[in-house]
Every structure is written in structure tokens, then in C-alpha cells.
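Have a look at the structure below, then the notes.
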Amino acid sequence: MDIAYFLTLVLVFFIHTNKALRLKNVVPITKGQIFPKPQLQITYDTQNILNKNEFRFEYVKGSQICDVVSIAFNRYYKIIFGSRLLRHKEKEKNLSTIKKLTLMVHESCEQYPSLESDESYNLEIANSLASLESKTLWGALRGLETFSQIIVESEDGSLVINNTLINDFPRFNHRGILLDTSRHYIRPSIIKVHLDAMAANKMNVFHWHIVDDQSFPYVSSSFPDLSKKGAYNPYTHVYTSDDVKDIIEYARLRGIRVVSEFDTPGHTLSWGKAIQILTKCYSGGKPNGDLGPIDPTNNQTYSFLETFLRELTTVFPDKYLHLGGDEVDFSCWQSNPEISEFMKKKGFGQDYSKLEQFYMQNLLDLINKVSPKTGYIIWQEVVDNNVVVKPDTVVEVWKDPWPEELSMVTKLGYRALLSTCWYLNYISYGDDWKKYYKCDPYDFPGTNEQKNLVIGGEACMWGEYVDGSNVITRTWPRASAVAERLWSAQNVTDVSDAQGRIEEHRCRMIRRGIKAEPFNGSGHCEYEVDL
């Protein structure tokens, strides 16, 4: 036999039997591993099979029946069975068949998730039986996500799942992502993809930095001119009341809180195009045409804010509003003679942080007036500038050195969020996710009581260089590293262990239509991105 012909036959044989050597990813991909890693997981060798035509989700007798969970049943059925390679026709296997996942939700159905929501769950797969148990519906959602991740598609197209026991709960209650929709407008459809990615990573707070200096896309029912004059385009680049309601509902169905941020007194240039509340800047004793932060000495400022805050506390159902308070440039205030006179009357001298404190105190009093139950989050500068805030204030730390800042904030007794080391808009070549993974909110000098005041953290995607064309790929799966840090146990720190799991998770998101970028070097996913 001709040697070339013989070698050809051998090659065809190996390809046909799927035993040919394959090029491998730089980082080997795991199979059926959970991301973020659960608190406790025991996996056994025994496998079970799932059949699309037989499988269903079902409440057990005595369980609370919640609309959010019932809708999630349909969503996860599509996730599990909707996209399959089916390389070959499914073969019958000598395995037990799981025909249903039963669910027990103990506590009554809440309308919206909150900071205090219990997201714990127990999941058990045992010889054709699958059961999920949770205190709340929000824990049920997290358990459904985990269930979907441990189902593996085998070489012949069958779906198999190992006998497994999982007890899981989040390390931190606030696991957020900030998305800036002012510097570049991001369509609601893209925001929804972002929310799908958050749900896949068990993140639960969408920090919506909706307006800023550059544009005001939020359509206010009380002050419609804000978006008419402040948006990039008042017809196409805005979020109508229906858009906002739709996004809040989409997030609710995934157990995600929507915390809106309307940053003041700085970052408000787009506001001044419709409402005359900004400070006039002076040069040589005359107005120079520039505008600065909100004018704290103008009575119209507070009448406007009272009405606007009343609207916001009605539109956004979450208990918390983010009030901003960062990067207030005092130079315009310093140049204005009317403000200088006001400072003199108040006895503030030349300490403009006292003027900021005056403004913030009035703002907080207005919130207490229009909605006493509303809590608020602020950026760290408010506390850095010695503004006196309510004891239950949440302070978001974003500047270095963050360990010293967290130590100071928690020593004052305030609850804190960390975002300093998770600014995803700063990009670098290579696997930069590892530095995000290594950052831990507890790595600061302080007592156990201080550490307990840290309620979580946020990854931030600021919008100077992202819009709908790249915001998903730039955020994911880099934000997944933050997700595991905020969900999993403190001792889950092994980067080499995380590499394969996060690579699998990236491919999992690709399969779900989330265009998560490659970040571990050369490789491939079984499902690839298509237009």
C-alpha cells in the first residue's frame, strides 16, 4: 500500500472518530464549573441526563409562587436548551434522567430586591432528582443561574449533570456595576444585555450614572427642558419614562437593583442649559460666560431640587439614591463676588468646603423632607471635606490610597463601598483581569467592626471612550473578576484556579449572546460570536 495513501486513511479515521489532536487554548477551559465560585460545592462522579422534551421547573407544595421566579423558569429553560451544537444526533445513554427541578421558596414574594435581600440557596442533584431551596425569591434566581451552569453539553449533544450538593450565599450584599450613559448615550437594548451579563455573574446593583456635564438624557416629567436642551439629541438620545420603567422592570426580573445617580453640585453643566441654578464664573470682576457647579446661595436651587427629588424618589423604586458629590471645583465659587459675600455673612471665611457642606446639608434635608425613607450614597469627597451626613450614609471610595480612605470612613461609623481598584475603563494589553481579581475590600487596616461596615463594591465603566459599540466587550468578562471577589469566600484567591473557570464563563456568555471579549490569550469557544 502506498505510504501516503495509508497516512491519509489514518488521518481520516482520527478526524472521523473525533480523536485527532486539537490545538488547545492558552488557558484550558473547564467544563461545568460555576462562576462565581459557590461557598460550598460537592460534586460526585454519578451523572444524569436532561431531555428537552421531558424537563420542567416546578414549585413544591407549600412554596411561595412568585412572578419573578415563574418568568425566570421560562428564561432559564431557553438558556439551557435554546442553543446547542448538536454535533451528532443525541444518543441514548444509560443514565438517570432528571425530568424536573423542584423549587421551594419560603418567604413571601417581594416586589423589588433591596440591600438587605437574602440571596442564599441550596441546590441538590441526586440520582434523577433535582431540588432548589431558598429563603427568598432572589436566592431562587441565584440558584437557577447556578443550575444552568453545571449542565454540560457532551460530545454527542446530550446534556448531562453530575450529582451535586451546593450551599451558597454572597459574601457582600452590594455587588454593583456603574454604567455612565452621559458621556456617550447607550441604547436601552444594550443596557439590557448588560443586565443579562450581570445576572449571569450574580451581580445585583446597576448603578446608573445617567446624567453628567456632557449630556442630560433623562426625560424629566417635572422639568422636560432638561433633556430637550441638555441631551445630545432630544428625540433619539434620551431615556423616556417608558424606557426607565422598562429597564427597572428588566432588572427586577433578574434580581438587580437600579440605583440612579444624579451627581451634584459638580458635574451639572448639562443641567444649566434649562435651569438657571449654576454658578456664574468671573474674571477681572466680570462674568466671563463660563458656568461652574450648582450655586448653593441661590434659593431657586432648592425649590428646583425639592421638586426634582420628589420625582426621582417616585420614578426609581430603590431605597437608595446616589447623590454624587465628587470633584467639586471651587474655583468658580471663589471667583463669584456674590458667593464671596454669602461666605462672609455665613462666617465661612475662605473655606469653600464649608459652602459644599452647606449645600449638601440642604440637599439631605430636602431628601428627608420629600421621602424620609430614602437612603443615599455619596462619593468619598463629601466626607473628606468634613460634611456632616446621616449615620446610615453609604460612602463610595474611589480614590487612592483606598485602604487609608476605607479605614477613615469606617472609623467614622459609615458604611462603605469600594470601587477604586475596579475602574474597568482603564484598559491595558493582556490579562488585566488578574489585578481586579486580587483586590479585596477587606485589605485595609481596621477592626472587625470596621470591616463589617464594608457592604460591597462596584466595578465602574465610565463613558468617555465607550458607547453601544464596545461597552459590553470592554466590561465583560473583566467585570466577572470583580463579581467573584464580591460573591465568593474571602479565601478564594487562586488566580490559576480562576483562569479556566472564567474562560469557560466567557464562552458561556458568548453562547447567551453576550459579546464578552477574549482576555486570556489565544483560544476559542465552541460557540463563537456572529453578527
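The analysis underlying the following values was restricted to heavy atoms, covering all of them including side chains, and did not include hydrogens, waters or symmetry mates.
- Just one of Arg75, Glu145, Met198 meets the side chain to side chain contact (heavy atoms under 4.5 Å, CB included) condition when paired with Arg254; it is Arg75.
- A donor-acceptor pair shorter than 3.5 Å cannot be found between the side chains of Asp212 and Ser182.
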Item to complete: For side-chain hydrogen bond (donor to acceptor under 3.5 Å, both in side chains), just list the numbers for Tyr436 and Arg478, CA-CA rounded to whole Å, side-chain angles, deciding distance to a tenth of an Å, and then say yes or no.
Response: CA-CA 8 Å; Tyr436 305 134; Arg478 294 158 78 233; 2.9 Å; yes

Practice prompt. Start with the C-alpha distance between Asp118 and Ser120, add both sets of side-chain angles, then the distance that settles side-chain hydrogen bond (donor to acceptor under 3.5 Å, both in side chains), and finish with yes or no.
Written response: CA-CA 6 Å; Asp118 188 316; Ser120 63; 2.5 Å; yes

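- The ring of Trp379 has its center closer than 6.0 angstrom to the ring center of His322.
- In this structure, the side chain of Asp318 engages the main chain of Tyr320 through a donor-acceptor pair within 3.5 Å.
- Asp168 and Trp487 share a side-chain donor-acceptor pair at under 3.5 Å.
- The ring of Phe216 has its center closer than 6.0 angstrom to the ring center of Trp271.
- When only modelled atom types and interatomic distance are considered, Thr301 and Asp295 share no side-chain donor-acceptor pair under 3.5 Å.
- Few gaps surround NZ on Lys390; more than 12 heavy atoms of other groups in view lie less than 6.0 Å from it.
- Ring pair Phe223/Phe304: centre-to-centre distance below 6.0 Å.
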Item to complete: Take Asn385 and Tyr352 through the side-chain hydrogen bond (donor to acceptor under 3.5 Å, both in side chains) test and state the conclusion after the steps.
Response: CA-CA 9 Å; Asn385 291 331; Tyr352 284 85; over 6 Å; no

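- In Lys135, the NZ atom is not crowded: 12 or fewer heavy atoms of neighbouring residues, nucleotides or ligands sit closer than 6.0 Å.
- At least one test fails for Arg187 against the ring of Tyr185: distance under 6.0 Å to the centre or angle within 45° of the axis.
- Using a cut-off of 4.0 Å between Lys/Arg side-chain N and Asp/Glu carboxylate O, Glu306 and Lys369 are scored as salt-bridged.
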Discussion item. With side-chain hydrogen bond (donor to acceptor under 3.5 Å, both in side chains) as the criterion, how do Asp243 and Thr240 come out once you've worked through the C-alpha distance, each side chain's angles and the decisive distance to 0.1 Å?
Written reply: CA-CA 5 Å; Asp243 290 331; Thr240 66; 3.2 Å; yes

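- Tyr218 is listed as a side-chain neighbour of Ser220, based on a closest heavy-atom distance under 4.5 Å.
- The backbone N or O of Ile472 sits nowhere less than 3.5 Å from a side-chain atom of Thr475 that would complete a donor-acceptor pair.
- Residues Tyr239 and Trp208 bring their aromatic ring centres within 6.0 Å.
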Under 3.5 Å, which donor-acceptor pairs do the side chains of residues 454-464 form with other protein atoms, sequence neighbours left out?
from   : atom 1 : to     : atom 2 : distance (Å)
Glu458 : OE1    : His207 : ND1    : 2.7
Glu458 : OE2    : His174 : NE2    : 2.8
Glu464 : OE2    : Arg183 : NE     : 3.1

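- Note that the OG atom of Ser215 and the NZ atom of Lys273 stand 8.5 Å from one another [nearest 0.5 Å].
- Between Thr493 and Arg485, some side-chain heavy-atom pair lies under the 4.5 Å cut-off.
- Between the side chains of Gln214 and His184, no donor N or O sits under 3.5 Å from an acceptor N or O.
- With respect to Arg257 and Glu110, no salt bridge is recorded, no charged nitrogen being found less than 4.0 Å from a carboxylate O.
- Within the structure, the side-chain hydrogen bond (donor to acceptor under 3.5 Å, both in side chains) test picks out the following pairs touching residues 333-344 (sequence neighbours left out): Thr279-Trp333.
- At most 12 non-hydrogen atoms from other residues, nucleotides or ligands lie less than 6.0 angstrom from NZ of Lys346.
- Asp384 and Gln380 share a side-chain donor-acceptor pair at under 3.5 Å.
- In this structure, Lys202 forms no cation-pi arrangement with Phe35, as its terminal cationic atom is not both closer than 6.0 Å to the ring centre and no more than 45° off the ring axis.
- Taking a cutoff of 4.0 Å between a charged side-chain nitrogen and a carboxylate oxygen, Arg171 and Asp440 qualify as a salt bridge.
- Under a cut-off of 6.0 angstrom, the local environment of NZ in Lys228 is sparse, with at most 12 non-hydrogen atoms contributed by other residues, nucleotides or ligands.
- At a cut-off of 3.5 Å, with distance as the only test, no side-chain donor of Glu107 or Trp138 sits close to an acceptor on the other residue.
- Thr313 places a side-chain N or O within donor-acceptor distance of the main-chain N or O of Arg310, the cut-off being under 3.5 Å.
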